[in-house]
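Shown next, in structure tokens, is the structure this report addresses.
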Protein chains: 2
Amino acid sequence: MVAPLKVGIAGLGTVGADVVRLIEAQGTALAARCGRGIRVVAVTARSKAKKRDLDLRGVSWAKSALDLANDANVDCFVELMGGSGDPALSAIDAALKSGKSVVTANKALIAKHGLRLAKSAEAHGGALNFEAAVGAAIPVVKTLREGLAGTEVNRVYGILNGTCNYILTRMEQEGLSFAECLKDAQRLGYAEADPSFDVDGHDTAQKLAILASLAFGTRVAQSAVYVEGISSIAPADLRAAEDLGYRVKLLGVAVRTPKGIEQRVHPTMVPKSSSIAQVMGVTNAVTIDGEGFPPITLVGPGAGGAATASAVVADIADVARGIRAKPFGRPVARLRATKKAPMERHEGGYYMRLMARDLAGTAATIATRLAEQKISIESIVQRHAEGVDENGMPRKASQVPVILVTYATHEDAVRRALKAVQHDKVISGRPQLIRIEKN
Amino acid sequence: MVAPLKVGIAGLGTVGADVVRLIEAQGTALAARCGRGIRVVAVTARSKAKKRDLDLRGVSWAKSALDLANDANVDCFVELMGGSGDPALSAIDAALKSGKSVVTANKALIAKHGLRLAKSAEAHGGALNFEAAVGAAIPVVKTLREGLAGTEVNRVYGILNGTCNYILTRMEQEGLSFAECLKDAQRLGYAEADPSFDVDGHDTAQKLAILASLAFGTRVAQSAVYVEGISSIAPADLRAAEDLGYRVKLLGVAVRTPKGIEQRVHPTMVPKSSSIAQVMGVTNAVTIDGEGFPPITLVGPGAGGAATASAVVADIADVARGIRAKPFGRPVARLRATKKAPMERHEGGYYMRLMARDLAGTAATIATRLAEQKISIESIVQRHAEGVDENGMPRKASQVPVILVTYATHEDAVRRALKAVQHDKVISGRPQLIRIEKN
């Protein structure tokens with residue numbers, strides 16, 4: 001029997017502690033699977049004194065992540081500290097340079113420095129595995145990297161942030177406002193005190209950038225991702241979506257177009273019958289369109305200690321079995337530069353909700369402005385309910401929502417038409433615009 | 001650069017031809033991913049003369065699968081002929097014995113001979129990959145074998161047969177009978193001329209036996225699978241399911257119980273809100289319950305040339321990259337014998353539809369018989385609609401369906417209660433019994 005794989009873990013928060021427990025509990029099964037044991041030999045964490053309910057007898061404590069990464073007794077360095085910079089970055093750097101394999105759950109770091117680190121892993125012979133960085137236990141990295149190795153991927157999209165999906169689900173099911181649901185999510189621990197990283201779409205963008213690289217063989221480029229968050233979504237949008245046969249989800253979408261790779265994160269209307277529309281609460285899901293056959297959808301928990309630890313331990317097991325996949329599926333030198341498809345040229349259907357200042361003529365004005373941009377309207381509805389008096393007559397002073405759905409058109413045409421409508425002063429406030437994604 | 005992997009393909013039907021095309025079309029990407037090229041060097045098929053629209057210049061033709069398996073110029077033998085016995089079996093046998101790696105899409109053969117072949121693969125150093133045998137392009141084998149390597153699996157269940165799901169979907173959505181939908185499925189090529197292998201559940205049972213082995217580290221045991229097909233399902237059952245908040249799916253379920261591993265294939269009521277209930281038409285899906293976190297569900301095409309070829313080529317790519325996973329996740333010697341949990345001890349909720357001979361007293365009799373077996377009733381409904389005359393009075397001669405849902409109980413208790421009810425002569429015909437699976 002080969003000597004056991006000696007693992008060093010930097011970071012003993014929820015995930016780190018669960019990884020230690022899982023390696024212990026699954027010891028026999030892991031040894032059978034890998035043909036060798038897996039043993040945690042060293043750890044490091046901010047506080048050694050903290051109560052952790054972990055049996056760490058025989059495990060040495062490193063003074064820092066960097067020390068742990070340089071520990072000659074460690075074969076596999078597991079980074080679970082988080083943060084896109086130091087100390088995580090220099091520790092991973094050092095571990096790879098010494099020929100160690102690295103397993104990390106750190107999406108921010110991989111999105112930002114993944115290419116450089118992958119190159120170092122290739123050069124020094126170690127693995128760089130990051131299944132847990134996207135969708136926790138959902139095996140989406142492995143699926144794109146290995147399971148669909150022979151398949152041309154045309155599109156990958158998904159619900160990659162549980163906080164946003166939780167908020168949108170509550171808003172839809174209970175008719176609550178964004179602010180109310182956010183407060184609840186914070187109370188339940190689904191959202192951070194500063195929720196902007198999640199609700200503004202940046203967390204999704206980092207994960208999407210990683211998936212796009214794996215799917216298309218392009219260099220990770222977070223800066224190429226167009227990002228819009230969910231804070232502008234109103235209960236009225238969710239009601240309208242319901243009427244139109246859609247649900248609103250914050251999607252990350254990466255798609256091959258004739259103009260390049262389009263990468264975008266924004267609230268999206270998806271057909272109620274699609275797999276992705278069924279995904280509720282904090283659950284994540286990724287759909288992959290492979291050439292020549294119907295889409296594959298992977299659904300599951302996108303966060304949580306046990307789910308993240310499951311992916312981390314699977315990555316460690318791959319290291320133990322001697323598997324050295326290219327971190328991004330192909331050698332870094334073979335990854336193509338991302339040709340960014342400009343968002344203005346995005347093509348698709350659009351949902352718009354406009355507040356008409358008065359009824360007479362508004363619809364006609366809007367329709368004219370859209371027609372000038374050659375945008376075809378699939379449906380237009382003026383909702384009177386909120387704008388009528390007791391006799392059913394329109395209130396003069398009231399604002400009446402006009403809800404429009406267009407056939408496929410270009411983003412810049414839509415922007416120009418809306419600008420013209422605003423200039424016409426027939427609407428008030430900011431127009432709401434939600435892109436439609438067909439399955 | 002390492003020499004290309006030389007592939008021999010036995011069987012050039014839809015899948016085989018698609019594999020040849022995919023390896024050609026994805027040549028550059030595959031070489032980048034694997035660090036070496038993949039080249040089809042030899043093939044064999046029943047008829048060499050058949051028109052195939054394939055460029056086979058430079059590819060040699062073997063006289064038989066066995067010859068191809070013994071061809072010293074072949075590194076990786078790909079079996080796409082089908083059939084659980086010869087010629088596929090002896091060819092795979094020969095290929096493994098000569099140290100070659102084998103890739104196959106043949107579920108029947110793997111369910112029946114997988115263990116012996118896996119042992120041979122281990123002994124001679126080749127891989128034995130069969131991702132395509134279950135769920136085509138859905139990476140469920142890889143997920144259980146590698147992606148959840150560190151996770152204790154408690155249950156795996158799924159829709160593993162597209163024919164059955166197509167029939168049940170049409171029956172549900174259009175109120176049609178099983179016979180009508182089967183005829184349509186045959187006309188559309190979704191069902192064989194002899195549909196019994198699919199509709200009686202045997203195809204699902206073979207796939208389930210493979211998944212159970214991967215999930216629980218037990219020896220593949222198709223004979224341990226309890227099997228019931230869908231031919232007894234009536235539109236009335238689907239209407240009742242709808243009313244009760246369920247859908248009916250043919251599920252394969254493998255679950256760890258205190259009494260052993262329960263493996264069963266039968267029509268199942270699943271909550272309408274579950275991921276598996278959303279799966280319509282020929283689509284397949286597998287849900288995996290890992291210890292400590294919410295289930296993971298993989299959804300996608302379970303059949304078709306391109307989808308199957310995608311999995312076959314991914315398996316070939318793993319061979320090219322030098323990956324030699326244990327075929328069933330663990331060494332064959334470490335797989336435990338399946339301790340079969342007897343179906344009589346199955347525990348769960350039950351749906352029953354009985355035809356009451358007359359109304360007076362029937363419900364009371366049924367309730368008494370269930371109570372005698374300590375079965376608690378969650379709901380009981382007598383449907384009058386079909387049994388009333390023009391004045392709304394019950395027709396004397398008519399049969400009135402009684403629909404019952406029980407709380408969790410044991411299979412043998414249910415069987416005893418139904419036997420007693422039949423003995424009481426208050427119902428006519430065969431009682432319908434459908435098990436309920438909670439998510």
Side-chain angles (χ1 to χ4, degrees), chain A residues 18-19 22-23 25-26 29-30 32-35 131 136-139 142-143 145-152 217 273 275 278-280 283 288 290-301 304-307 309-314 316-318 321-326 329-331 334, chain B residues 18-19 22-23 25-26 29-30 32-35 131 136-139 142-143 145-152 217 273 275 278-280 283 288 290-301 304-307 309-314 316-318 321-326 329-331 334:
Chain A
D18 274 348
V19 168
L22 204 50
I23 289 176
Q26 293 291 304
L30 283 167
R33 285 179 182 282
C34 304
E131 181 62 77
I138 307 171
K142 196 177 255 294
T143 295
R145 194 154 73 175
E146 303 169 26
L148 295 172
T151 300
E152 177 98 332
S273 63
S275 290
Q278 319 303 327
V279 177
M280 296 299 186
T283 305
I288 304 164
E291 181 63 32
F293 54 88
I296 291 174
T297 300
L298 315 179
V299 187
S310 164
V312 169
V313 175
I316 297 172
D318 272 357
R321 292 195 299 130
I323 294 178
R324 298 288 178 275
K326 303 282 176 288
R330 300 156 167 94
R334 298 292 294 274
Chain B
D18 273 348
V19 169
L22 203 51
I23 289 176
Q26 292 291 304
L30 283 168
R33 284 179 182 282
C34 305
E131 181 64 75
I138 307 172
K142 196 176 254 296
T143 295
R145 194 153 73 174
E146 303 169 25
L148 295 172
T151 300
E152 176 99 333
S273 63
S275 291
Q278 320 303 328
V279 177
M280 296 300 187
T283 305
I288 304 164
E291 180 63 31
F293 53 89
I296 292 175
T297 300
L298 314 180
V299 186
S310 164
V312 168
V313 175
I316 297 171
D318 272 357
R321 290 196 299 131
I323 294 179
R324 299 288 177 274
K326 303 283 177 289
R330 299 156 168 93
R334 298 291 296 274

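Order of the sequence lines fixes the chain letters, A, B, ..., with proteins taken first and strands second; residue numbering starts at 1 for each chain.
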For chain B, the option from A:Pro301, A:Ala306, A:Ala25 that forms the most heavy-atom pairs under 4.5 Å = A:Pro301
Heavy-atom distance under 4.5 Å to chain B: side chain of A:Ala317, backbone, both or neither?
-> side chain
Backbone N or O of B:Ala325 within a donor-acceptor pair of the A:Arg33 side chain at under 3.5 Å?
-> no
Greatest number of heavy atom pairs closer than 4.5 Å to chain A - which of B:Val19, B:Thr151, B:Val313 | B:Thr151
Contact summary for B:Leu148 and A:Ser310, nearest pair of heavy atoms = CD2-OG, 3.7 Å
Give, as side chain, backbone, both or neither, the part of A:Pro331 having an atom under 4.5 angstrom from any heavy atom of chain B.
-> both
Residue from B:Ala314, B:Gly300, B:Ala137, B:Gly150 scoring the most non-hydrogen pairs under 4.5 Å with chain A is B:Gly150
Among the options A:Glu146, A:Lys326, A:Arg321, pick out the one with the most heavy-atom pairs lying under 4.5 Å from chain B.
-> A:Glu146
A:Glu152, part contacting chain B, at a heavy-atom distance under 4.5 Å | both
Partner chain A: residue of B:Gly217, B:Gly322, B:Pro294, B:Pro139 with the largest heavy-atom pair count (under 4.5 Å) | B:Pro294
Against chain B, label A:Ile323 side chain, backbone, both or neither, depending on which of its atoms sit under 4.5 Å from a heavy atom there.
-> side chain
In terms of heavy-atom pairs under 4.5 Å, which option from B:Ala29, B:Gly304, B:Ser275, B:Gly147 contacts chain A the most?
-> B:Gly147
Tell me, out of A:Ala307, A:Gly290, A:Gly292, who's got the most heavy-atom pairs with chain B below 4.5 Å.
-> A:Ala307
So which of A:Leu298, A:Val299, A:Ile138 actually passes side-chain contact (heavy atoms from CB on, under 4.5 Å) with B:Thr297?
-> A:Val299
